Amino acid sequence: MTPLAAYLFLAALLFAVGLGGALARRNAIIVLIGIELMLNAANLNFIAFWRYGPNPEPLTGILFVLFSIGIAAAEAAVGLAIIMAVYRHYRTSNVDRITSLKG
Amino acid sequence: MSPWFYINALLIVGSAVAAMSLRNLVHCALSLAVTFAGLALAYLQLQAQFVGFAQVLVYVGAVAILIVFAILLTRGSETSPECILSPGWLWGVGIAALTFVVSGGAILSSKLLPAIQGEVPSATVRQIGDQLMTKYVLPLEVVGLLLTASLIGAVIIAMRQKEEGQ
Amino acid sequence: MDQVWVELKHWLVGLAPSAVQPWLAALISVAAIIGVFAGLFALTTLLERKGLGRMQNRYGPNRVGPFGLLQPIADGIKSLTKEDIVPRSADAVVHFLAPLVLVVPVFLVLAVLPVGRNMAAVELDTGVLFFFAVGAATEVSVFMAGWSSRNKYSLLGAMRALAQMISYELPLILSSVTVVMMAGSLSTTEIVNAQSGYWGVFPQWHVFTPWGFAGFILFMIGAAAESNRSPFDLPEGESEIVAGYYIEYSGFKFALFFLGEYIGMFAISGLGITLFLGGWTAPLSFLTWIPSWIWFFGKLLALICVFIWVRGTLPRLRMDQLMNFAWKFMLPLALINILIAGLWRFMPSGLVRWAVCALLVVGPYILLGRALFQGRKYGVRTYRFADS
């Protein structure tokens, strides 16, 4: 396996772990952790391609990842704020119990 | 592939699986911090030093702490006796496995991936700064606005509302 | 004389077969850093206790050895032989790992400080970013220590310490961003080289410019807050919250926390010296014959003495005073400082530049100070005397 393929494989594995956890757990914060793992897997993909791939535009991979890190931080902040507000109202952070809009 | 890559990959995947499957939420958050650190090591192995250190600074130093605070503020540290898995968790794990099989297959059977290593592209801080100020200045400003908006928004959403009628 | 340590290291590395040489070089650097800074730690514990004692009109420890010089050895023996108590309901793994997660990053950041000419252990293109990134990783250890002890006071102390560290990280990083901007590089050796000129006799250190002076003060206040030193030591206040987040630690683990805290103080003072006080350069141009590493450690000792002095003098800040100070006072000043540094760069050098920049530093400082103190209402001062 070439190094690039190895890193892409690792990123795919990490993405699958994040996706599985986000879909299977019932605590809202763990779902958010899964989402962060997925974002990180994508970042790893970008950096692997920057290092090993053909580079017509230098530094695109690095800059994309820098912006992605910044945006992920903003999204984690807002997501956690929403989870805390929902907890205050429903007294639970179990995603299966937050069903007022259902049906 | 050097043995460091395999050790690092084991660390990353192991702590990611731990982050998703542990019962105690604070342990999950700490395993996530270990995953982030492992990923920073991977970036350093890929010769992207700026991104690696930015990953540690932002993710380990801020996002992991944020998650830990949120766990404590939503009383997540008290372990509940009920099952940690959502009903229908099997479907979720199945979909994730399917995703992995499809992407893994695509990677391993691709003929487009270059087989040669190539020399390390240079990414000095000066070049990154230069690009940020010339070609990527619009995304930079937009991200600044986004971060301001999310900061204000998060504070407003999480603020305790004053009780009505008091 | 200046390069004696570098030449010693090259000679020692040359003695080994060439396959082992990179490993041996790294090992020698690591051993040197740990040896020197751990020795400095022992000296500082003694200096602190005797200094504080003198400021409080008493002698410090003076029983063990002449003038109490062997006190650190006695302290070391005590902490190594104390019983290591772990509470039964504590989370054993996290409780064990917390001191490690503190000590490892704090020693890692010492690698990037230029201790003398050509004497930075690792020359990184992104030295300052590395420092702040790895320094931010110590916050995780504070939380781990506080939470794993399953003790309300411990958790409360850890939360306060975390809030304090996060709040003061911003003015700290912003004041060093000013220096990075003016020196044009994130590499610590580059920043020291940018300060190595002399105007006649006086050095061109960053602290001798208006933005550098303001930045240095902000950096030092942020440094005191980051290492939980008085007057910012509410999280570990010995008289209030019973040593905060390391209540449940005893013996060697407590010694590790103590070590980590002091080495963190050295590391951030070292960075302050590198960024603002010219690193290893001499203060007067005719004193450059004194070796560079002596200047660095001299400046480090001076900053440590200032920290000890401030600890003995100022009372502790309350939590809300602390947070107000960081967010409402230091952050605007740090941002204005960046503006001033930009102005300094683009104005022609001379008296006008000095006057404008100094005014722009002092003006907002006075205005902010006035504005923030407006709302204080003080009660009438009363005196009560004991009946004779």
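Quantities reported herein were computed from a predicted structural model and do not represent experimental measurements. Atoms considered below: every heavy atom in the structure, side chains included; atoms not considered: hydrogens, waters and symmetry mates. Just so it is clear: chains get the letters A, B, ... in the order the sequence lines come, proteins before strands, and each one is counted from 1.
- The contact between B/L32 and chain A is made entirely by side chain atoms (from C-beta outward), counting heavy-atom distances below 4.5 Å.
- For B/S122, the part lying near chain A is the backbone, with the side chain staying farther off; criterion is any non-hydrogen pair under 4.5 Å.
- Using a 4.5 Å heavy-atom cutoff, the side chains of A/L8 and A/F49 are in contact.
- The number of heavy atoms from other shown groups lying within 6.0 Å of CZ (B/R126) does not exceed 12.
- If you measure heavy-atom distances from A/V17 to chain B, the contacts under 4.5 Å come from both the backbone and the side chain.
- If you measure heavy-atom distances from A/F9 to chain B, the contacts under 4.5 Å come from both the backbone and the side chain.
- Here A/A16 is the residue among A/A76, A/A16, A/A73 with the most heavy-atom pairs under 4.5 Å with chain B.
- For A/I82, the parts lying near chain B are the backbone and the side chain together; criterion is any non-hydrogen pair under 4.5 Å.
- Using a 4.5 Å cut-off on side-chain heavy atoms (C-beta onward), B/T148 and B/I152 make contact.
- Using modelled atom types and a 3.5 Å distance limit, the side chains of B/Q55 and A/N43 yield no donor-acceptor pair.
- For the set A/L80, A/T92, A/V78, the entry with the most heavy-atom pairs within less than 4.5 Å of chain B is A/L80.
- Counting heavy-atom pairs under 4.5 Å between each of B/V142, B/I95, B/L147, B/I128 and chain A puts B/I128 at the top.
- With B/Q127 contributing its side chain and B/T124 its backbone, the two residues share a donor-acceptor pair below 3.5 Å.
- The heavy-atom pair separating A/A24 from B/V93 by the smallest distance is CB-CG2, 4.2 Å.
- Contact annotation for A/L14: only side-chain heavy atoms (C-beta onward) come within less than 4.5 Å of a heavy atom of chain B.
- When all heavy atoms of B/M20 and A/A22 are compared, the pair lying nearest together is SD-N, 4.1 Å.
- Of the listed residues (A/G21, A/A28, A/G18), the one with the most heavy-atom contacts under 4.5 Å to chain B is A/G21.
- Minimum heavy-atom separation, B/Y43 to B/G52: CB-CA, 3.8 Å.
- Using a 4.5 Å cut-off between heavy atoms, B/L151 does not touch chain A at all.
- When A/G70, A/A6, A/A11 are compared by the number of non-hydrogen pairs under 4.5 Å with chain B, A/A6 comes out ahead.
- Taking chain A as the reference chain and counting heavy-atom pairs below 4.5 Å, the highest number among B/C28, B/P121, B/A158 is found for B/P121.
- For chain A, the option among B/F36, B/W91, B/Y59, B/F50 with the highest count of heavy-atom pairs below 4.5 Å is B/Y59.
- For A/F64, the CZ atom is loosely surrounded, since the number of other residues' heavy atoms within 6.0 Å does not exceed 12.
- Here A/R88 is the residue among A/E36, A/E75, A/R88 with the most heavy-atom pairs under 4.5 Å with chain B.
- Chosen from A/L44, A/I30, A/L32, the residue pairing most often with chain B at heavy-atom distances under 4.5 Å is A/L44.
- With a threshold of 4.5 angstrom between heavy atoms, B/Y6 does not approach chain A through any atom at all.
- Neither the backbone nor the side chain of B/L10 comes within contact range of chain A; no heavy atoms are under 4.5 Å apart.
- Annotation for A/A81 and B/A154: closest pair CB-O, 3.5 Å, computed over non-hydrogen atoms.
- Atom CG of A/L4 sits about 8.5 Å away from atom CD1 of B/I107, to the nearest 0.5 Å.
- With a 4.5 angstrom heavy-atom cutoff, A/A41 does not touch chain B via any of its atoms.
- Among B/I12, B/L25, B/V102, the residue with the largest count of heavy-atom pairs under 4.5 Å with chain A is B/L25.
- Checking side-chain atoms of B/S86 against main-chain N and O of B/W89 turns up no donor-acceptor pair under 3.5 Å.
- Note on ring orientation: taking the six-membered ring where Trp is involved, the planes of B/Y136 and A/F67 are tilted (angle from 30° to 60°).
- Within the 4.5 angstrom heavy-atom criterion, atoms from both the backbone and the side chain of A/N40 approach chain B.
- Both the backbone and the side chain of A/I69 have a heavy atom closer than 4.5 Å to some heavy atom of chain B.
- Heavy atoms of B/F69 lying under 4.5 Å from chain A are absent altogether.
- Both the backbone and the side chain of A/L13 come within contact range of chain B, with heavy atoms under 4.5 Å apart.
- Nearest heavy-atom pair, B/I71 versus B/A29, reported as atom, atom and distance to 0.1 Å: CD1-CB, 3.9 Å.
- With respect to chain A, the highest number of heavy-atom pairs below 4.5 Å among B/L39, B/L85, B/T74, B/L66 belongs to B/T74.
- Residue contact with chain A, scored on non-hydrogen atoms closer than 4.5 Å, involves the backbone and the side chain of B/V17 alike.
- Rounding to the nearest 0.5 Å places CG of A/N94 at 7.5 Å from CG of A/N27.
- B/A48 touches chain A through backbone and side chain together, each having a heavy atom under 4.5 Å away.
- Contact between B/V60 and B/A33 at its shortest, heavy atoms only, is CG2-O, 3.9 Å.
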